[in-house]
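Proteins get letters first, then strands, A, B, ... in listed order; numbering begins at 1 in each. Since the model is a prediction, treat every value here as computed from it, not as a measurement.
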Amino acid sequence: MTLEESIDWAGASRALAEWYRENGRHLPWRLTADPYAVWVSETMLQQTQVSRVVPLYLAWLSAFPNCRSLAEADESAVLSLWRGLGYYSRARNMLASARLIVSAGYDGPPNDQAFLAGLPGFGPYTAAAVRALAYDEPTAALDGNLRRVSSRLTDLDKDPALSEGNKVCQRAVESLMKFQSPRLLTNALMDLGSGPCAPRPRCLLCPLEPYCLARKRGTTALRPVRRAARPIRRRFGAALLFSTQTKLAVRQRPKGGLWSEFWEIPWEVGSDGEDSGVTARRLAASLGEESFPEPLTPSVTMRFTSWQVETKLFRAASQPTGTELLPVDDALSLPMPLGILRLLREALQSGLIR
DNA sequence: CATCCGTGGTT
DNA sequence: TAACCAAGGAT
């Protein structure tokens, strides 16, 4: 029996639509089908939780209400509105794509798969999400939620992120879309994936429970299949504080890599197992310091996807090579890694600056 | 295909 | 609390 025959897609689709009308979340980006607003929300939501996006989405739409206003913005203004969301290339790509969209004579991302696929920041997911949510096209926007829901619904025994499993998920969602609005179903599947079909499932609340093959076979906990996570690497790091009465020594990070072209106080991650004091001394020496940096109290843990760094703050006796002195307030308003910013705020509160 | 790219919430 | 999770994209 093929996948298409093994599930009552019409029934499942109807149950999902009815459930969504009663239980769907009321989110600000669902008040409009404006392709630009859909694009903004979908980009912000990449690997980022809804609760974190809501206020920043509203602030962004207020500052850049349409594609043209974004296209005319400065990168610094864009990055400032992105502060706290991480993955800053998303913001830079949005600015670049807005300019391409306006140059092509559109006032927002068009319903044109080939054009969208050529825009920076538009991968398979975002392009499909704009088409399904803004234009109601029967296109499967496969994110983590839809992959998880599809994996369980079809009892998929392969990783849904890899090519073969991805195709099965795509067919499942397209099967549902034969019977209900793609826009409604996409939103409904998202809400299912963050509620009843969250990583820890609550099948008794799920409208697809009567249709779910994993539920039928008792394999829900095994779905979706995923490969083992890599261990988290742990390191120590050191940051150098040098300040005068009202100014702070900062430098700009190189282009490319982590926090491309962001500003920081001199900061370095130690090698495996290295104490932060050793790192601080090496960093200071490499920047022309003759005396040992003085250890201070503030420290932060910066966590990334597959590694984390506990960074401690040290005071340098003279201005490190390669830094410039900026008024403290100006320095703190530059695009800066949030971990460094937290370190500096702690230093301000403890009176270490000024 | 694996890895990098941020940050904070949840369990 | 350490591990995992969250509406991915670029390389």
Side-chain angles (χ1 to χ4, degrees), chain A residues 24-25 27-30 37-57 79 82-94 96-97 116-134 140-150 159-166 169 173 183 185-195 197-201 224 226-234 253 255-262 264 300-311 335-342:
Chain A
R25 288 174 293 180
L27 300 170
W29 44 88
R30 289 184 177 171
V38 169
W39 170 37
V40 172
S41 64
E42 290 308 321
T43 304
M44 286 188 167
L45 285 160
Q46 289 167 13
Q47 299 292 284
T48 309
Q49 291 174 328
V50 167
S51 60
R52 188 148 189 81
V53 168
V54 170
L56 291 163
Y57 166 84
L79 288 176
W82 205 265
R83 179 180 275 190
L85 283 177
Y87 290 145
Y88 296 94
S89 66
R90 292 183 293 173
R92 290 173 161 140
N93 285 338
M94 281 202 72
S97 285
L116 294 181
L119 295 172
F122 280 78
Y125 169 75
T126 304
V130 166
R131 300 219 302 144
L133 294 172
L142 293 183
D143 70 328
N145 286 311
L146 271 70
R147 288 201 169 94
R148 182 169 55 254
V149 173
S150 307
D159 185 336
L162 301 185
S163 63
E164 203 177 343
N166 187 71
C169 295
V173 173
R183 174 185 293 133
L185 281 180
T186 302
N187 282 326
L189 287 165
M190 297 284 185
D191 288 5
L192 210 58
S194 73
C197 202
R200 191 173 66 174
R226 68 195 130 217
R227 64 174 191 279
R230 288 185 314 162
I232 305 263
R233 298 169 311 210
R234 293 157 208 290
R253 293 179 58 81
K255 189 179 175 72
L258 186 64
W259 294 308
S260 176
E261 298 181 289
F262 270 37
E264 65 178 8
V300 296
T301 300
M302 298 141 142
R303 298 185 308 158
F304 305 90
T305 305
S306 59
W307 54 297
Q308 74 176 40
V309 186
E310 184 178 342
T311 295
M336 191 174 275
L338 281 193
I340 299 290
L341 201 57
R342 287 207 306 275

**Report entry** 5' precedence on DNA chain B between A:R233 and A:S51 (nearest-nucleotide basis)
**Finding:** A:R233
Report task. Tell me yes or no: between the side chains of A:R148 and A:N145, is some donor less than 3.5 Å from an acceptor? Result -> yes
Query raised in the report: Expressed as a whole number of Å, how far does the C1' atom of B:dC1 sit from that of C:dG8?
Result: 15 Å
Report summary line: Residues at least two apart in sequence or cross-chain that pass salt bridge (charged side-chain N to carboxylate O under 4.0 Å, His left out) with A:R92, listed by chain then number, are A:E75
Requested in this report: Could you check A:P199 against A:N93 and say which one's nearest nucleotide on DNA chain C is further toward the 5' end?
Outcome: A:P199
Query raised in the report: Reckon A:R25 touches a base, only the sugar-phosphate, or nothing at all at heavy-atom distances under 4.0 Å?
Result: base
Query - Residues that A:S41 engages under side chain to side chain contact (heavy atoms under 4.5 Å, CB included), provided they are two or more places apart - result: A:W29, A:L45, A:Y57
**Report entry** Centroid-centroid under 6.0 Å between A:W82 and A:F262 rings
**Finding:** no
Query raised in the report: In chain order, what residues pass the side-chain hydrogen bond (donor to acceptor under 3.5 Å, both in side chains) check against A:Q46, with sequence neighbours excluded?
Result: A:T126
Report task. Residues of residues 38-50 of chain A with any non-hydrogen atom less than 4.0 angstrom from an atom of DNA chain B: list those, numerically ordered, please. Result -> A:Q47, A:T48, A:Q49
Query raised in the report: Does anyone know the first and last nucleotide of DNA chain B in reach of chain A, 5' to 3', at under 4.0 angstrom to a heavy atom?
Result: B:dC1 to B:dG9
Requested in this report: With sequence neighbours left out, write down each residue that passes salt bridge (charged side-chain N to carboxylate O under 4.0 Å, His left out) with A:E310, or none if nothing qualifies.
Outcome: none
Report summary line: Residues passing the salt bridge (charged side-chain N to carboxylate O under 4.0 Å, His left out) test with A:D191, sequence neighbours excluded, are A:R25, A:R30
Requested in this report: Assign each of A:G123 and A:T305 to its nearest nucleotide of DNA chain C by heavy atoms, then name whichever residue's nucleotide is nearer the 5' end.
Outcome: A:T305
**Report entry** Rounded P spacing from C:dA7 to B:dC4 in Å
**Finding:** 23 Å
Requested in this report: Looking at every strand, decide which applies to A:L85 at a 4.0 Å heavy-atom threshold: base, sugar-phosphate, or nothing.
Outcome: base
Report summary line: With sequence neighbours left out, the residues meeting side-chain hydrogen bond (donor to acceptor under 3.5 Å, both in side chains) with A:R230 are A:S306
Report task. Quick one: list whatever passes salt bridge (charged side-chain N to carboxylate O under 4.0 Å, His left out) with A:R253, sequence neighbours left out. Result -> A:E264
Query raised in the report: Going 5' to 3' on DNA chain C, which nucleotide is the first and which the last to come under 4.0 Å of a heavy atom in chain A?
Result: C:dA3 to C:dA10
Query - Separation of the P atoms in B:dG8 and C:dG9, to the nearest angstrom - result: 22 Å
Query raised in the report: Distance from A:R303 atom CZ to A:T305 atom OG1, nearest 0.5 Å?
Result: 10.5 Å
Requested in this report: Remember a base hit wins even if backbone is also touched, and classify A:R342 as base, sugar-phosphate or nothing at under 4.0 Å, heavy atoms.
Outcome: sugar-phosphate
Query - Sugar-phosphate, base or nothing in reach of A:W29, heavy atoms under 4.0 Å - result: base
Query raised in the report: Who pairs with A:R183 by side-chain hydrogen bond (donor to acceptor under 3.5 Å, both in side chains), at least two apart in sequence or on another chain?
Result: none
Query raised in the report: So what does A:R83 hit on the nucleic acid, given a heavy-atom distance under 4.0 Å: a base, only sugar-phosphate, or nothing?
Result: nothing
**Report entry** Those residues that, when tested against A:T311, pass side-chain hydrogen bond (donor to acceptor under 3.5 Å, both in side chains) (two or more places apart)
**Finding:** A:W267
Query raised in the report: In whole Å, what separates the P atom of C:dA6 from that of C:dA10?
Result: 22 Å
Query raised in the report: What does A:L341 touch in the nucleic acid at a heavy-atom separation under 4.0 angstrom: a base, only the sugar-phosphate, or nothing?
Result: nothing
Query raised in the report: Which sits closer to the 5' end of DNA chain B, A:R200 or A:R303, going by the nucleotide each is nearest to?
Result: A:R303
Requested in this report: Determine the contact category for A:G193: base if any of its heavy atoms lies under 4.0 Å from a base atom, sugar-phosphate if only primed atoms, P, OP1 or OP2 are that close, otherwise nothing.
Outcome: nothing
